[in-house]
Protein chains: 2
Amino acid sequence: MQQMEQIVSSLREEGFRITPQRMAIVDYLLKTEDHPSAELIHKVIRKRYPMVSLSTVYKTLDLLKDKKLVNEMDVDGEARFDAHTDEHINLVCMNCGKIEDIDEESLREIQVKAARKSKYLILKSSFELSGYCSDCKSKFQA
Amino acid sequence: MQQMEQIVSSLREEGFRITPQRMAIVDYLLKTEDHPSAELIHKVIRKRYPMVSLSTVYKTLDLLKDKKLVNEMDVDGEARFDAHTDEHINLVCMNCGKIEDIDEESLREIQVKAARKSKYLILKSSFELSGYCSDCKSKFQA
DNA sequence: ATTTAATTAGGAATAGTTCCTAATAATGAA
DNA sequence: TTCATTATTAGGAACTATTCCTAATTAAAT
């Protein structure tokens with residue numbers, strides 16, 4: 001909720017229009033703890049704005065990615081989105097598909113080390129661990 | 001070259017057949033430093049075995065993934081493959097698409113920490129940094 | 001209220017991947 | 001070696017997430 005106004009005004013300043021579609025998508029992404037796919041976002045948004053199109057969802061997500069307001073990650077060939085853009089580890093459950101975030105300050109150091117070793121100019125990072133969440137884990141051990 | 005025989009015998013032990021197609025794909029993946037896509041693998045293999053099909057490439061890659069003999073990663077919605085399965089960071093150039101590996105022993109610690117915090121059973125990890133490689137970097141700074 | 005240019009809805013097109021099936025060939029047995 | 005069995009393959013059709021296209025709409029400046 002808090003970041004909403006910042007995002008709106010930063011878009012407006014750059015000359016982008018504030019449409020109900022964009023508001024709805026940003027609002028949903030800020031409020032959810034999930035890491036929804038474009039399709040899920042579309043489904044959810046549609047409940048309030050029935051005529052919003054999937055292509056608009058994709059376009060808005062592209063815009064938000066450009067502005068570094070959301071991160072994109074890949075799970076089984078499907079893009080998933082996250083408005084929590086601080087450095088963190090994504091834990092992906094290979095059974096139920098749930099994604100959990102974990103803060104980890106040592107990621108930054110690793111990034112610096114890697115940049116130094118490789119001479120890359122690093123712009124984006126993605127740290128992902130996959131396995132079974134605590135719920136699904138017990139099913140497999142039973 | 002060295003691992004070839006191990007892979008062949010481990011597949012044979014489990015009852016899988018050793019076909020020229022599988023040999024060619026494994027051979028190529030072991031020899032290259034690249035992180036080729038399925039399509040590139042197909043193109044390369046075809047030079048020697050002109051009738052090998054793309055679907056066989058995909059199936060073989062699935063098999064090798066299952067056996068943990070190759071890792072899969074995603075670059076712009078395209079799967080890329082790597083027979084170098086030790087823990088490492090992938091550096092992806094956002095301009096030319098090149099991928100470089102960097103060894104980093106601290107990754108293991110992070111993994112252990114994350115597993116402890118989250119109670120996940122971790123089976124797979126992927127650490128990816130994207131940006132510009134040293135070649136492309138200079139083009140953008142000019 | 002009017003203008004105008006960004007944005008949208010909707011669907012068609014694309015591309016990577018998976019699926020399907022008859023034909024082929026690797027392997028073990030005789 | 002020859003034969004029988006059955007995994008594997010080639011080829012292409014089907015699928016699916018995403019991108020592209022265009023006329024209609026609408027946010028925002030005047």
Side-chain angles (χ1 to χ4, degrees), chain A residues 7-28 35-67 70-81 92 97, chain B residues 7-28 35-67 69-81 92 97 99:
Chain A
I7 291 176
V8 164
S9 61
S10 88
L11 289 177
R12 184 170 273 137
E13 266 169 36
E14 295 194 64
F16 294 103
R17 295 186 178 170
I18 307 306
T19 65
Q21 293 91 334
R22 286 176 176 170
M23 294 280 278
I25 292 166
V26 169
D27 181 61
Y28 173 51
H35 296 65
S37 64
E39 206 184 338
L40 179 57
I41 294 170
H42 184 224
K43 257 183 207 152
V44 172
I45 301 304
R46 278 207 151 186
K47 288 179 190 165
R48 288 204 187 173
Y49 304 88
M51 33 39 188
V52 77
S53 76
L54 184 56
S55 63
T56 296
V57 172
Y58 275 108
K59 260 195 153 197
T60 301
L61 289 170
D62 272 350
L63 176 65
L64 296 171
K65 276 190 288 172
D66 270 7
K67 300 300 152 209
V70 309
N71 283 335
E72 182 183 10
M73 80 189 93
D74 174 276
V75 179
D76 287 333
E78 184 187 61
R80 304 279 214 95
F81 301 89
V92 183
Chain B
I7 292 177
V8 164
S9 61
S10 88
L11 287 178
R12 185 170 271 137
E13 266 169 36
E14 295 193 63
F16 294 102
R17 294 182 179 174
I18 307 306
T19 65
Q21 293 92 332
R22 286 177 177 170
M23 295 279 277
I25 292 167
V26 169
D27 181 60
Y28 172 51
H35 296 65
S37 64
E39 207 184 338
L40 179 57
I41 295 170
H42 184 224
K43 256 184 209 151
V44 172
I45 300 305
R46 278 207 152 184
K47 288 178 189 163
R48 288 203 187 174
Y49 305 88
M51 34 41 190
V52 78
S53 75
L54 184 55
S55 63
T56 296
V57 173
Y58 275 108
K59 259 196 155 197
T60 301
L61 290 169
D62 272 350
L63 176 65
L64 296 171
K65 276 190 289 172
D66 270 7
K67 300 300 152 210
L69 299 171
V70 308
N71 284 335
E72 183 184 11
M73 81 189 91
D74 174 274
V75 180
D76 287 332
E78 185 186 61
R80 304 279 214 95
F81 302 89
V92 183
I99 299 174

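Lettering of chains follows the sequences in order, A, B, ..., and the numbering in each one begins at 1.
For Tyr58(A) and dT8(C), the OH to P distance is 16 Å, given to the nearest whole Å. Following rounding to the nearest Å, Asp62(A) (CG) and dA6(C) (C1') show an atom-to-atom distance of 16 Å. Atom CD1 in Ile41(A) sits about 10 Å away from atom P in dT18(D), given to the nearest Å. Protein atom CD1 of Ile18(B) is 15 Å distant from nucleotide atom C1' of dG28(C), rounded to whole Å. Atom CD in Glu39(B) sits roughly 14 Å away from atom P in dT18(C) (whole-Å rounding). The separation between Lys65(B) atom NZ and dT18(C) atom C1' is 11 Å, rounded to whole Å. Atom CZ of Phe81(A) and atom P of dT18(D) are 6 Å apart (whole Å).
Axis deviation across the helix from dA1(C)-dT30(D) to dA30(C)-dT1(D) amounts to 40°, comparing end segments of five pairs, rounded to 10 degrees.
Screening residues 48-58 of chain B for salt bridge (Lys or Arg N to Asp or Glu O under 4.0 Å), with sequence neighbours left out, gives no hits. The stretch residues 7-17 of chain A participates, sequence neighbours left out, in these salt bridge (Lys or Arg N to Asp or Glu O under 4.0 Å) pairs: Glu14(A)-Lys67(A).
A heavy-atom distance below 4.5 Å is found between the side chains of Arg22(A) and Leu63(A). With a 4.5 Å cut-off on side-chain heavy atoms, Arg80(A) and Glu72(A) do not count as touching.
Enclosure of atom CG in Asp76(B) is not indicated, since only 12 or fewer non-hydrogen atoms of other residues, nucleotides or ligands lie within 6.0 angstrom.
Without hydrogens or angle criteria, His42(B) side chain to Val52(B) main chain gives a donor-acceptor distance under 3.5 Å.
Here Tyr28(B) pairs with Thr32(B), Pro36(B), Leu40(B), Ile41(B), Val44(B), Ile45(B) under the side-chain contact (heavy atoms from CB on, under 4.5 Å) rule; sequence neighbours left out.
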Reading 5' to 3' through nucleotides 6-14 of chain D, protein heavy-atom contacts under 4.0 Å coded B for base, S for sugar-phosphate only, - for none: BBSBBBB--

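Considering all non-hydrogen atoms of both residues, Leu54(A) and Ala38(A) come closest at CD1-O, 4.0 Å. The heavy-atom pair separating Ala24(B) from Tyr49(B) by the smallest distance is CB-CE1, 3.5 Å. The nearest pair of heavy atoms linking Thr56(A) to Ile25(A) is O-CD1, 4.4 Å.
Using a cut-off of 4.0 Å between Lys/Arg side-chain N and Asp/Glu carboxylate O, Asp62(B) and Lys65(B) are scored as salt-bridged.
Within residues 70-78 of chain A, the residues approaching DNA chain D are Gly77(A), Glu78(A), by heavy-atom distance under 4.0 Å.
Taking side-chain N and O atoms only, Arg12(B) has a distance below 4.0 Å to OP1 or OP2 of dT27(C).
Across all strands, Arg80(B) comes closer than 4.0 Å to no nucleic acid atom at all (heavy-atom distances).
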